[in-house]
Each structure stands twice: as structure tokens, then as C-alpha cells.
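Encoded as C-alpha cells, the structure appears first; notes follow it.
Values below: all heavy atoms of this structure, side chains included; hydrogens, waters and symmetry mates excluded. Counting starts at 1 for both ligands and their atoms, following the listed order.
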Amino acid sequence: MYLEEIFGLKGKTAVVTGGGQGIGQVVAVGLAKAGAEVVIFCRHGADETVKLIEEAGGKAYYVPCDVTSEDSVNQAVSTVIEKSGHIDVLFNNAGICYHKSTFEASLEDWRQVIETNLTGEYIMARAVAKTMIEKKIPGSIINMASMSGTIVNIPQWQAAYNASKAGVIHLTKSLAVEWAETGIRVNSLSPGYVATPMSIDPNFVEPELMAAWMPLMPMHRMAKPEELIPAVLYLASPAAGYTTGSDIIVDGAYSNQ
Ligand SMILES: NC(=O)c1ccc[n+]([C@@H]2O[C@H](COP(=O)([O-])OP(=O)(O)OC[C@H]3O[C@@H](n4cnc5c(N)ncnc54)[C@H](O)[C@@H]3O)[C@@H](O)[C@H]2O)c1
């Protein structure tokens with residue numbers, strides 16, 4: 001009962017961007033199990049996530065949204081307000097990465113990563129916070145950062161990704177201070193390597209790269225996406241009432257080395 005009081009999300013509506021697969025999908029199920037109605041914002045459909053949540057006894061629906069387009073985001077947010085009345089939690093999770101050296105990458109590659117990972121989170125946070133302020137909701141925004149926002153991964157080169165995630169960490173601190181008096185809390189989450197399509201899909205990560213990563217991880221394994229749920233639940237719930245502007249690192253001590 002006590003745990004439900006401080007970590008429960010009954011009656012809350014949580015938006016999860018990029019929740020059709022990977023971390024977003026797993027965390028969406030976790031938010032639903034804690035009692036939230038979950039809305040997945042995704043470009044390509046999220047039937048599987050909605051089914052997983054319904055099978056777990058939760059409530060969910062999917063709204064098409066490209067986080068890089070302000071029109072698309074505003075439309076998606078309006079749809080949630082019409083259907084659910086309010087948004088209490090935003091898990092700003094959608095993101096992309098490429099591995100190319102700075103001279104191999106085109107300016108378009110750079111722009112795409114910054115547009116998705118940094119500008120996309122900014123557009124989403126702004127649109128959702130506006131509804132929280134209008135409806136006087138002391139909401140929680142959780143921005144997906146990464147340990148790459150503070151360390152430089154090796155041996156792959158991914159300057160745009162690292163810069164985008166450093167930007168997310170400081171955007172988070174900036175919005176937390178700017179919106180503190182409204183009751184909206186803004187925090188970021190910085191995982192290390194997590195076993196999702198982004199980090200284990202052989203089309204994206206060659207076996208040699210995986211072999212190079214493993215010895216660099218103090219725990220000699222990636223995080224399971226499930227291991228991020230408790231940190232998100234903490235930040236989303238009343239338990240984190242005085243936690244804002246923080247970056248929660250869940251990296252198995254990778255960045256301590
Ligand atoms: N996997 C890791 O090792 C790891 C580590 C640290 C941080 N992260 C971050 O976690 C987040 C989720 O990553 P993941 O590993 O689940 O990756 P993933 O590739 O499995 O999922 C990313 C999701 O974002 C969606 N997306 C991408 N661009 C979008 C756009 N413009 N509009 C809407 N949705 C969009 C994709 O469709 C996909 O559903 C990302 O922000 C990533 O940078 C991942």
C-alpha cells in the first residue's frame with residue numbers, strides 16, 4: 001500500500017515517444033503496470049506495445065507522431081488531451097544513432113541526429129509542458145539522455161549522438177529551473193549500453209564492435225531494458241517530488257572508469 005502511494009501512477013496518463021520497440025516499449029509496459037494509462041507516440045505503429053500492455057491488464061493506445069515535426073507533435077498532443085483529458089508524465093525517449101567518423105558523416109547525418117535526439121525532445125517537452133501548465137498538472141518529464149552525454153564511447157565514432165545527449169542533459173537542467181515554480185519536474189536518464197535493436201541489431205552493430213564493447217563494461221554485460229523501469233517509475237511518481245534537474249545514471253559503473 002505504502003509503495004503504491006509513493007510510486008503508483010493510478011489515474012495518470014503517460015506519453016512514451018518511440019515506444020514501438022526497444023526501451024520505450026519495455027518502459028511503457030512498466031508504466032502501465034504501475035497504473036498509468038499509456039499513450040505511445042511513434043512513427044510506424046505500436047500495435048505490439050499496446051497488445052503487451054493490454055495483456056498485462058493495462059490501458060494503452062497509439063498516436064502517430066514524428067518528434068522532429070512541431071505540427072505532428074502538436075496534433076498528437078491535442079489528440080491525447082481530447083481522448084484522455086490530461087498528460088501527467090512524458091517519457092521523452094525517441095532517439096537515433098549512427099556510427100561514422102566526423103569526416104565520413106554528412107552534415108545531413110549530423111542534423112538528423114540533433115533534430116531527433118535534441119530538438120525532438122525540446123519540441124515534445126514544450127508541447128506537453130504547455131498542457132500541464134494550462135491544466136495545473138504538477139507533471140513529470142523524463143528526457144532520455146545517455147552515458148554518451150558525459151563520456152565518449154570507443155571504438156566507434158558518434159560525435160553527433162554524444163553531442164545530442166550532452167545537449168539533452170543540459171536542456172533538462174535548464175527546463176527544470178525554468179519550470180520549477182509551475183510544479184513540473186524535468187529529469188534525464190543516462191543509461192549505459194542497453195540490449196535493444198539500437199545496440200544488438202547485427203545490421204547496425206557488427207560482431208567485432210560488440211566484442212570490443214564487452215570488456216569495457218565493468219559488469220561485462222549490457223543492461224536489460226527492464227532494468228530502466230524502476231528509475232523511470234521513480235522519476236514519474238510522487239516519490240521524486242523534490243527531484244528535478246537531475247540526471248539519473250544507470251550504466252553499470254561504465255562512466256566511473
Ligand atoms: N540502446 C542503448 O544502448 C541506449 C543507451 C543509452 C541511451 N539510449 C537511448 O534510449 C532511447 C531509445 O533507444 P532504444 O535503444 O530503445 O532504440 P530503438 O532504436 O530500439 O528505439 C528507438 C525508437 O525511437 C523511434 N524514433 C526514432 N526517430 C523518431 C522520430 N523522429 N519520431 C518518433 N519516433 C522516433 C524509433 O522508431 C524507435 O521506436 C534513445 O533515445 C537512445 O538514444 C539507448
Show which side-chain atoms of residues 51-58 pair as donor or acceptor with protein atoms under 3.5 Å away, not counting sequence neighbours.
from, atom 1, to, atom 2, distance (Å)
Lys51, NZ, Glu55, OE2, 3.4

Side-chain polar contacts of residues 24-46 - donor-acceptor pairs under 3.5 angstrom, sequence neighbours left out - could you list them?
from, atom 1, to, atom 2, distance (Å)
Gln25, NE2, Gly20, O, 3.3
Gln25, NE2, Glu48, OE2, 3.2
Gln25, NE2, Thr49, OG1, 3.0
Glu37, OE1, Thr13, OG1, 3.1
Glu37, OE1, Ser84, OG, 2.9

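In terms of modelled atom types and a separation under 3.5 Å, the side chain of Thr182 and the main chain of Ile184 share a donor-acceptor contact.
Side-chain contact of Thr68 with Asp66: a donor-acceptor pair under 3.5 Å is present, judged by distance alone.
Remark: Arg221 engages Glu227 in a salt bridge, criterion side-chain N to carboxylate O under 4.0 Å.
Around ligand 1 you find Gly18, Gln21, Gly22, Ile23, Arg43, Cys65, Asp66, Val67, Thr68, Asn93, Ala94, Gly95, Ile96, Thr116, Met144, Ala145, Ser146, Tyr161, Lys165, Pro191, Gly192, Tyr193, Val194, Thr196, Pro197, Met198, Ser199, each with a heavy-atom distance below 4.0 Å.
For Trp157, the side chain to side chain donor-acceptor pair (under 3.5 Å) test picks out no residue, with sequence neighbours left out.
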